[in-house]
There are 2 protein chains.
Amino acid sequence: MDVSLRQLQVFHAVAKHRSFSRAAQALCVSQPAVSAQIRALEQTLHLTLFERTGRSVELTEAGRQLLPYAEQVMELLDDAMRAVHDLNNLQRGRVAVAASTTAGIYVVPRVLGAFHRAYPGIELSLDVLNRFAVQQRLLAGEADVAIMGLIEDPHDLEIAQFLPNDLVVIASPRHPLARRRSIPLAELGRELFLVREVGSGTRADMERIFAEAGVPLRIAMELRSSGAIKQAVAADLGIAVVPLDAIQLELETGRLVVLDVEGFPVRRSWSLVRRAGRPASPAADALWHYFLQYALQPH
Amino acid sequence: MDVSLRQLQVFHAVAKHRSFSRAAQALCVSQPAVSAQIRALEQTLHLTLFERTGRSVELTEAGRQLLPYAEQVMELLDDAMRAVHDLNNLQRGRVAVAASTTAGIYVVPRVLGAFHRAYPGIELSLDVLNRFAVQQRLLAGEADVAIMGLIEDPHDLEIAQFLPNDLVVIASPRHPLARRRSIPLAELGRELFLVREVGSGTRADMERIFAEAGVPLRIAMELRSSGAIKQAVAADLGIAVVPLDAIQLELETGRLVVLDVEGFPVRRSWSLVRRAGRPASPAADALWHYFLQYALQPH
DNA sequence: ATAGACATATAGGAGAAACCTATATGGATG
DNA sequence: CATCCATATAGGTTTCTCCTATATGTCTAT
């Protein structure tokens, strides 16, 4: 036989109250239940833990030796239960978020900041990666929640629409098309484009749009970041299709303008993604729902 | 429902082996038993502790949070079991010994020293008190074992004969009776005696012996310690009846002599005493039997 | 000394828990 | 697509825990 938690608990109660009956009361059980637990414990340990003197009960030397262990075990369990409680009540926890480049730079930090203010006890990590890597992390369980544009293969993934993610055509304010209204998409076939590398969501979307419209896509240069593309467009090296979210600052300062092309802005959404059929931690689940809620509010 | 030790143990095993089946093997139970324990724990905590991915099992964040608590609890219980084992194996423990004056000063320290060398892990305390206080301590459970001469009321006490405790009549070497042989007890009626206070075992014995023999006891002085009596006898203030154990040193140095009185030495024994019907701690029981054994060997 | 009060121990039985074997289910792999 | 490996589920047995009722024992007061 083995020592049980119950036995330690009962032992502690009897030691504290110096009485089997009072311990039973305190534990809300009958007195024989207490006697039985103590007897079982004493048999297991081959030690007498209490001196039963008829009137009162005293710890033996062995009992005094054991008591601190019982106390520490129970204290430790209390701590553990408190930790569990905190996890369940979102007072503690950890969520790993992964986001594709544009989302991770221009969209997620704002929402994550708001979430952090709401649940300051939850540790957050944000990894900004390319689309492929994001999806991989998610499936490997290394990220709890992801935010990205296009999703390659929705298999095993739970996907929810998040904030709008409009694609616009940008040019420098000096560009000939900058003042035009309702530019037909076909006209862009004559323009030189600055594009992200293959593998980028924006690049994929863009190619699809031009292909569907039967408009040729003339690529001037391939660049590895939205930042580089914006610089190049501002320097009149060409025009580009970018997420609206990525150029707020440049629009405000007038360094770039959005061209009024027919069919643009292409209305898309950022997707909130997590593995389907997996139980999410309380914190990850809270973040998921917080993000969904956030998308419903005006910003 | 409540978290059980078993659940923590199983949880720990699964976390360690990253597999329900291997944990089951390690714990010598079936795999469903492990599944059931983990399920119960997860339900109790309202948390998912493991990611079951089909091939392998991984801890969730919540599981990682809980694991150190489970480990600490089990470590603590290990420590407790080791402490219990030590108590049972006399590698640790504590025994409170009480002894009446003469025993405590002249007899017990030697035996206690031998016991301590045999069981160096056991803490010992020795209280030297008058007979009455010794008995009181014993009955109050404040002493585990006592060594004394005469016992007032053997009720509730377990008594065993210990080392011999002979009473002798002593005088200074200059005393007229010092060279006499076979002195009739009656002759001592003419001598002046130095005696211990009422309440001392030696005093009680002495009075009984003289009363039974019908010899008057002339008391010169009442002194509170054997030491004082020895000094006084050596200074020719009278003669005395003392335990032989108390005067070894003075006999060797010739400062005192034993008178060859008829009926003396009165052969008595020290008594080893403990409360009857009480379970003794392993250490106290070991000391009891060690003392008994010691008395059987020649010293 | 004995009856009453108080405390623990014992007995017998009901409900819950833990475990077992057998089998289903579900990803991962060739 | 079939097979393999791992976990989940089902049904039944043993063990544990607790209950009520009652015995035993100690201390106190009459």
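Side chains are part of it too, since the values below use all heavy atoms of this structure and drop only hydrogens, waters and symmetry mates.
- In this structure, a donor-acceptor pair under 3.5 Å is absent between the side chains of A/Gln25 and A/Ser21.
- The shortest non-hydrogen separation linking B/Val73 to A/Leu76 is N-CD2, 3.4 Å.
- Going from atom CD of A/Glu58 over to atom C1' of C/dT8 covers 15 Å, rounded to whole Å.
- Counting to the nearest Å, the C1' atom of C/dA18 and the CD atom of B/Gln9 are 13 Å from each other.
- Remark: P of C/dA18 and CG of B/Leu41 are 11 Å apart, rounded to the nearest angstrom.
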Discussion item. Can you build the contact string for nucleotides 14-20 of chain D? Use B for base contact, S for sugar-phosphate-only contact, and - for no protein heavy atom under 4.0 Å.
Written reply: ---SSSB
Discussion item. Salt bridge (charged side-chain N to carboxylate O under 4.0 Å, His left out) for B/Arg6 and A/Asp2? Distances and angles first, verdict last.
Written reply: CA-CA 10 Å; B/Arg6 183 68 176 152; A/Asp2 221 0; over 6 Å; no
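- Taking 4.5 Å as the limit, every side-chain heavy atom of B/Tyr69 sits out of range of all side-chain heavy atoms of A/Val84.
- With B/Arg137 as the partner, the side chain to side chain contact (heavy atoms under 4.5 Å, CB included) test is satisfied by one option alone out of B/Asp144, B/Val97, B/Leu129: B/Leu129.
- In this entry the distance linking CZ of A/Arg39 with C1' of C/dA11 reads 10 Å, nearest Å.
- The distance from atom CG of A/Leu5 to atom P of C/dA17 is 15 Å, rounded to the nearest whole Å.
- We find that CZ of B/Arg52 is positioned 18 Å from P of C/dT25, with the value rounded to whole Å.
- Formation of a donor-acceptor pair under 3.5 Å by the B/Arg92 side chain with backbone atoms of B/Gly121 is not found in this model.
- Relative ring orientation between B/Phe50 and B/Phe11 is described as tilted, the plane-to-plane angle lying within the 30° to 60° band.
- Within 4.0 Å of A/Val57, counting heavy atoms only, lie sugar-phosphate atoms of the nucleic acid but no base atom.
- If you check residues 13-27 of chain B against DNA chain D, the residues with a heavy atom closer than 4.0 Å are B/Ser19, B/Phe20, B/Ser21, listed by number.
- In this entry the distance linking CG of B/Leu49 with C1' of D/dT7 reads 16 Å, nearest Å.
- Side-chain N or O atoms of B/Ser100 include none that pairs as donor or acceptor with a backbone N or O of B/Asn130 at under 3.5 Å.
- Atom CD1 in B/Ile38 sits roughly 14 Å away from atom P in D/dT9 (whole-Å rounding).
- Contact record, A/Arg52 with A/Glu42: NH1-OE2, 2.9 Å, taken as the closest heavy-atom pair.
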